[in-house]
Amino acid sequence: MDSYQIKKLKPEEYHKCNNIWDMEKKKKMAKVFYDELVSGNRITFIYSVNDEFIGEGSLVFQNDDPDYTIPDKRIYLSRMIVKEGYRNCGIGGIIVDYLIDYAKQLGFEEITLGVDTDNLNARHLYEKKGFTTVLFLGEDEYGEYVKLLKVLK
């Protein structure tokens, strides 16, 4: 595997995330993320190899859902995704570790995320990384999902 780097995404490079996920198909989501990026509410980190965007993960400071964010205490890990064809190679774990460390450096005590209950690979990864407290199990328009919490010590 070539050497990788993880760097903070600049808003002007946001369009390159299309290499990881179909931004056209998810236009509404892409717009929300972009606006959060520009406002500083979202920090996105890109996992790249030879400047090709392969994975991404974000931290969100403030979110409408009090399960996910509590100012200065709880931060939300949002949209961790690895490009098809590169999955199950450990990249997701590297990104999650990076985001956890970053949240600790910022002084947060807790980190949360939401994951579809049928996404077993992702759930297994998050549990392995310490996201073991279930805050909520329910459904939204995309199906059943669970909100998980990890205490940062």
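Heavy-atom basis, side chains included; hydrogens, waters and symmetry copies ignored. Source: prediction; values computed, not measured.
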Colleague: Atom OG1 in T133, atom NZ in K150: separation rounded to 0.5 Å?
Modeller: 10.0 Å
Colleague: Tell me every residue that passes salt bridge (Lys or Arg N to Asp or Glu O under 4.0 Å) with D116, counting only those two or more places apart in sequence or in another chain.
Modeller: none
Colleague: Give a yes or no on whether L113 and L149 share a hydrophobic cluster (residues Ile, Leu, Val, Met, Phe, Trp, Tyr; joining criterion: side-chain heavy atoms under 4.5 Å apart).
Modeller: no
Colleague: Can you name the closest pair of heavy atoms from T132 and E127 and give their distance?
Modeller: CG2-O, 3.9 Å
Colleague: Any idea which heavy atoms bring A122 and V115 closest together, and the distance?
Modeller: CB-CG2, 3.8 Å
Colleague: With clusters defined by side-chain heavy atoms of hydrophobic residues (ILVMFWY) lying less than 4.5 Å apart, directly or transitively, does L77 cluster with V146?
Modeller: yes
Colleague: Taking the side chain as everything from C-beta on, heavy atoms only, tell me whether Q62 gets closer than 4.5 Å to I70.
Modeller: no
Colleague: Where do P11 and V38 come nearest, in terms of heavy atoms and distance?
Modeller: CB-CG2, 4.0 Å
Colleague: With rounding to the nearest 0.5 Å, note down the distance linking CE in M80 to NZ in K129.
Modeller: 10.0 Å
Colleague: List in chain and number order the residues that pass salt bridge (Lys or Arg N to Asp or Glu O under 4.0 Å) with D72, two or more places apart in sequence or in another chain; answer none if no residue qualifies.
Modeller: none
Colleague: Restricting to non-hydrogen atoms, name the atom on D67 and the atom on T112 that form the minimum distance, rounded to 0.1 Å.
Modeller: O-CG2, 3.6 Å
Colleague: Between the side chains of R79 and S58, does any donor sit under 3.5 Å from an acceptor?
Modeller: no
Colleague: Decide if atom CD of Q5 counts as having more than 12 heavy atoms of other residues, nucleotides or ligands within a radius under 6.0 Å.
Modeller: yes
Colleague: Between T69 and V60, what is the shortest heavy-atom contact and its length?
Modeller: CG2-O, 3.6 Å
Colleague: Indicate if I91 and V49 have the same hydrophobic cluster label, given that clusters are the connected sets of ILVMFWY residues with side-chain heavy-atom separations under 4.5 angstrom.
Modeller: yes
Colleague: Do Y4 and E52 make a side-chain contact, defined as non-hydrogen atoms from C-beta onward lying under 4.5 Å apart?
Modeller: no
Colleague: Using the rule given for side-chain contact (heavy atoms from CB on, under 4.5 Å), can you reason through Y47 versus E56, listing the C-alpha separation, both sets of side-chain angles and the distance that settles it, and then say yes or no?
Modeller: CA-CA 6 Å; Y47 178 106; E56 72 174 86; over 6 Å; no
Colleague: Under a 3.5 Å threshold, yes or no: a donor from one side chain and an acceptor from the other, between N18 and E24?
Modeller: no
Colleague: When you group the ILVMFWY residues by side-chain heavy-atom contacts below 4.5 Å and let the links chain together, are I46 and I81 in the same group?
Modeller: yes
Colleague: Please round to the nearest 0.5 Å and tell me the distance separating atom CD1 of I6 and atom CD1 of I94.
Modeller: 6.5 Å
Colleague: Do L148 and V96 share a hydrophobic cluster (ILVMFWY, side-chain heavy atoms under 4.5 Å, transitive)?
Modeller: yes
Colleague: Please identify each residue that fulfils side-chain hydrogen bond (donor to acceptor under 3.5 Å, both in side chains) with D35, with sequence neighbours left out.
Modeller: K31
Colleague: Which pairs of donor and acceptor atoms, one on a side chain in residues 98-111, lie under 3.5 Å apart (sequence neighbours left out)?
Modeller:
{"from": "Y102", "atom 1": "OH", "to": "K8", "atom 2": "NZ", "distance (Å)": "3.3"}
{"from": "E110", "atom 1": "OE1", "to": "R74", "atom 2": "NE", "distance (Å)": "2.7"}
{"from": "E110", "atom 1": "OE1", "to": "R74", "atom 2": "NH2", "distance (Å)": "2.9"}

Colleague: Can you tell if the side chain of K83 reaches within under 4.5 Å of the side chain of F53, non-hydrogen atoms only?
Modeller: no
Colleague: Does the side chain of R42 come within less than 4.5 Å of F33's, by heavy atoms?
Modeller: yes
Colleague: Applying side-chain hydrogen bond (donor to acceptor under 3.5 Å, both in side chains) to E144 and T117, what does each step give before you reach the verdict?
Modeller: CA-CA 6 Å; E144 192 181 65; T117 48; 2.8 Å; yes
Colleague: Does the side chain of I20 reach to within under 4.5 Å of the side chain of V82, using non-hydrogen atoms?
Modeller: no
Colleague: Once you round to the nearest 0.5 Å, how far does CG of N50 lie from OG of S3?
Modeller: 7.0 Å
Colleague: Passes side-chain contact (heavy atoms from CB on, under 4.5 Å), M23 versus Y34? Steps please.
Modeller: CA-CA 11 Å; M23 296 169 96; Y34 179 77; over 6 Å; no
Colleague: Just to verify, what does K7 make a salt bridge (Lys or Arg N to Asp or Glu O under 4.0 Å) with, not counting sequence neighbours?
Modeller: D51
Colleague: D65 and Y76: side-chain contact (heavy atoms from CB on, under 4.5 Å), yes or no, with the steps?
Modeller: CA-CA 10 Å; D65 186 332; Y76 172 49; over 6 Å; no
Colleague: About how many Å separate CG of L9 and CG of L37, when rounded to the nearest 0.5 Å?
Modeller: 5.0 Å
Colleague: According to ring-ring contact (aromatic ring centres under 6.0 Å, His included), does anything in residues 125-152 pair up with another residue at least two apart or in another chain? List the pairs.
Modeller: Y126-F131, F136-Y145
Colleague: Is a side-chain donor or acceptor of D140 paired with a backbone partner of G143 at a separation under 3.5 angstrom?
Modeller: yes
Colleague: Can you measure from CG (L59) to OG (S78) and round to the nearest 0.5 angstrom?
Modeller: 9.0 Å
